[in-house]
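In this text the structure is predicted, and so the values were computed from the model without any measurement. Residues take their numbers from the sequence shown, with the count starting at 1.
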Amino acid sequence: DKFYAAIHENDSSKRLRMLRYIEGDFSMYSPYWFYRAKAAYECGEPEESQKFFEKFNEVWRPVLRKDPYRVEALKYKIDGLIRDELSAENAKIIRECLAEMRDNTLLEDWPNNIYMGMMYFTLGDKEAAIDCVMCNIDFCFERETSKRLLASFDDKARHEETVVSAANSEHEVVEQHTSHTTEQKPQKQSLRQRAKSGDPEAQYQLGCFYGGISLHFIVCMIFGLPFYECFAAMFFYPSLLLVVVGACILWIGGVIDNKCLPLMTKYWYTKAAENGHIEAMYKLAKICKYDEAIRWYKNAAGYGHIGAQKALGELYRFNSPIESYMWEYLAYLCNGAINLGDKPKTPAYDGLSKKETRAAIASIAWAENEAQKMYDEIQKRKESK
């Protein structure tokens, strides 16, 4: 109970403290170190995060099933390596991580197959990249996205669009543009044109782009000053002009980051979601208010998105336990990583009368039946593609 209370805490700083308090009870449980490393990463403590991931690797042992925690931990390790200069030594370590990821990835975990495909392609291993993505196509998982990615492998001009960042952990793939050279301007314009013409994948990529940047630094560079100098100007420099410029730059950057970028992110995610892009539905739900979030989570869950199914299980946990169990059971049927791959726990009905117990059992049977119906529909939809 203490562990689950800690990992479901929304405030990352509080979550990190709560996990630290229970270290003595969980120090030999590898998922504990995974969640603690992730909390430290979200709190902006990369060195602490790396230390906890190393502890995860130390405690972790091979298991008889595929381990999603191992996959996510390896993504964080790859992310740290890819941010540095891609030396021959780093490339070798990344290949070892990718090989271990393949050993621990379920066939239906299509985002991981796409992630590994793009990473292999970035390293120049085109055959391995194609093999990872073909797994989705052969087993009918997210075939359209996978086909587009395979086509992009043959287009060298789009190589820079396939660099991957794994900083969001909850089983998600984010494409970023990491170069701002003049040679890439036509590609960015082409992406926007495709998005305006109704291409859902291009719309989704623009949503990811606007959701992953901060314009504080960009605005500061327009004025020719680093961010920290603008901040320091308000306190240390005697010139009133520098104080005013620094304050204006910080204010402009704050307005853009807090108002404009979220609007652009939501706009393009909405466009992509309305055109049937499943991952866009999920990302859109994460930034919407409750009622709208529920609607988009349900849309994505109906297409078999395990993250959306798990999110619905969390949202309904307290006000509708049976509906929460239904969505968690659906994620279990879709082979999601609920309770480390085991069947989700049924809502407790201890202490109830016989009549209430029978009603509770009937409700659980109803939830499982409804989840099975939705699962069958998801399978039919995948087969029809």
State which residues pass salt bridge (charged side-chain N to carboxylate O under 4.0 Å, His left out) with [X]; sequence neighbours excluded, sorted by chain then number.
{"X": "E96", "result": "none"}
{"X": "D131", "result": "R102"}
{"X": "K55", "result": "E58"}
{"X": "K2", "result": "none"}

If we only count heavy atoms from C-beta on, is the [X] to [Y] side-chain gap below 4.5 Å?
{"X": "Y316", "Y": "I294", "result": "yes"}
{"X": "E328", "Y": "R317", "result": "yes"}
{"X": "E72", "Y": "K38", "result": "no"}
{"X": "R381", "Y": "Y303", "result": "yes"}
{"X": "Y76", "Y": "Q50", "result": "no"}
{"X": "S152", "Y": "L149", "result": "yes"}
{"X": "K126", "Y": "I130", "result": "yes"}
{"X": "Q372", "Y": "D376", "result": "yes"}

Could you measure the distance from the [atom1] atom of [X] to the [atom2] atom of [Y]? Nearest 0.5 Å is fine.
{"X": "L315", "Y": "W327", "atom1": "CG", "atom2": "CH2", "answer": "11.0 Å"}
{"X": "K66", "Y": "M101", "atom1": "NZ", "atom2": "CE", "answer": "12.0 Å"}
{"X": "I93", "Y": "S87", "atom1": "CD1", "atom2": "OG", "answer": "7.5 Å"}
{"X": "T145", "Y": "I137", "atom1": "OG1", "atom2": "CD1", "answer": "10.0 Å"}
{"X": "C288", "Y": "R295", "atom1": "SG", "atom2": "CZ", "answer": "8.0 Å"}
{"X": "W296", "Y": "Y282", "atom1": "CH2", "atom2": "OH", "answer": "16.0 Å"}

For the student: nearest non-hydrogen atoms of [X] and [Y], plus distance:
{"X": "L74", "Y": "C97", "answer": "CD1-O, 3.7 Å"}
{"X": "I306", "Y": "C334", "answer": "CD1-O, 3.3 Å"}
{"X": "A367", "Y": "I322", "answer": "CB-O, 3.8 Å"}
{"X": "A301", "Y": "Q309", "answer": "O-NE2, 3.2 Å"}
{"X": "A280", "Y": "A273", "answer": "CB-N, 3.8 Å"}
{"X": "P200", "Y": "A272", "answer": "O-CB, 3.4 Å"}

Check: [Y] main-chain N/O paired with [X] side-chain donor or acceptor under 3.5 Å:
{"X": "S324", "Y": "S320", "result": "no"}
{"X": "N104", "Y": "D67", "result": "yes"}
{"X": "K266", "Y": "L284", "result": "no"}
{"X": "R70", "Y": "D103", "result": "no"}
{"X": "Y375", "Y": "Y332", "result": "no"}
{"X": "R95", "Y": "L123", "result": "yes"}
{"X": "E45", "Y": "A40", "result": "no"}

task: Output yes when K92 and E89 qualify as a salt bridge under the 4.0 Å nitrogen-oxygen rule, no when they do not.
output: no
query: Run the side-chain contact (heavy atoms from CB on, under 4.5 Å) check on Y4 and D1 step by step: do they pass?
result: CA-CA 5 Å; Y4 276 101; D1 292 342; 5.8 Å; no
field: Pair M116-M119, side-chain contact (heavy atoms from CB on, under 4.5 Å): steps then yes or no
entry: CA-CA 5 Å; M116 291 185 290; M119 287 307 308; 5.7 Å; no
message: Students often mix this up, so state it plainly: with edges at 30° and 60°, are the rings of F3 and Y32 parallel, tilted or perpendicular?
response: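 If you compare the ring of F3 with that of Y32, the planes turn out tilted.
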query: Of all residues at least two apart in sequence or in a different chain, which pass the side chain to side chain donor-acceptor pair (under 3.5 Å) check with N136?
result: N113, S146
- prompt: Within a reach of under 6.0 Å around OH of Y290, are more than 12 heavy atoms found that belong to other residues, nucleotides or ligands?
  reply: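 Buried by this count: over 12 neighbours within 6.0 Å.
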- prompt: Do you reckon M18 sits in the same ILVMFWY cluster as F52, going by side-chain contacts under 4.5 Å, direct or chained?
  reply: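 As far as the 4.5 Å side-chain criterion goes, F52 and M18 are not connected within one cluster.
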- prompt: Will you find, in the side chains of Y325 and E368, an N or O donor that is under 3.5 Å from an N or O acceptor?
  reply: yes
- prompt: So Y35 and R15, side-chain contact (heavy atoms from CB on, under 4.5 Å) or not? Walk me through it.
  reply: CA-CA 9 Å; Y35 283 110; R15 188 188 329 136; 5.9 Å; no
Taking distance alone, no hydrogens or angles, what donor-acceptor pairs closer than 3.5 Å link side-chain atoms of residues 20-27 to residues at least two apart or in another chain?
unit_1	atom_1	unit_2	atom_2	d
E23	OE1	R36	NH1	2.7

- prompt: For the residue pair F56 and Y69, is the inter-centroid distance of their aromatic rings smaller than 6.0 Å?
  reply: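 Ring centres of Y69 and F56 not closer than 6.0 Å.
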task: Starting from the C-alpha separation in whole Å, work towards a yes-or-no answer on side-chain contact (heavy atoms from CB on, under 4.5 Å) for D79 and Y41.
output: CA-CA 12 Å; D79 184 49; Y41 187 90; 3.2 Å; yes
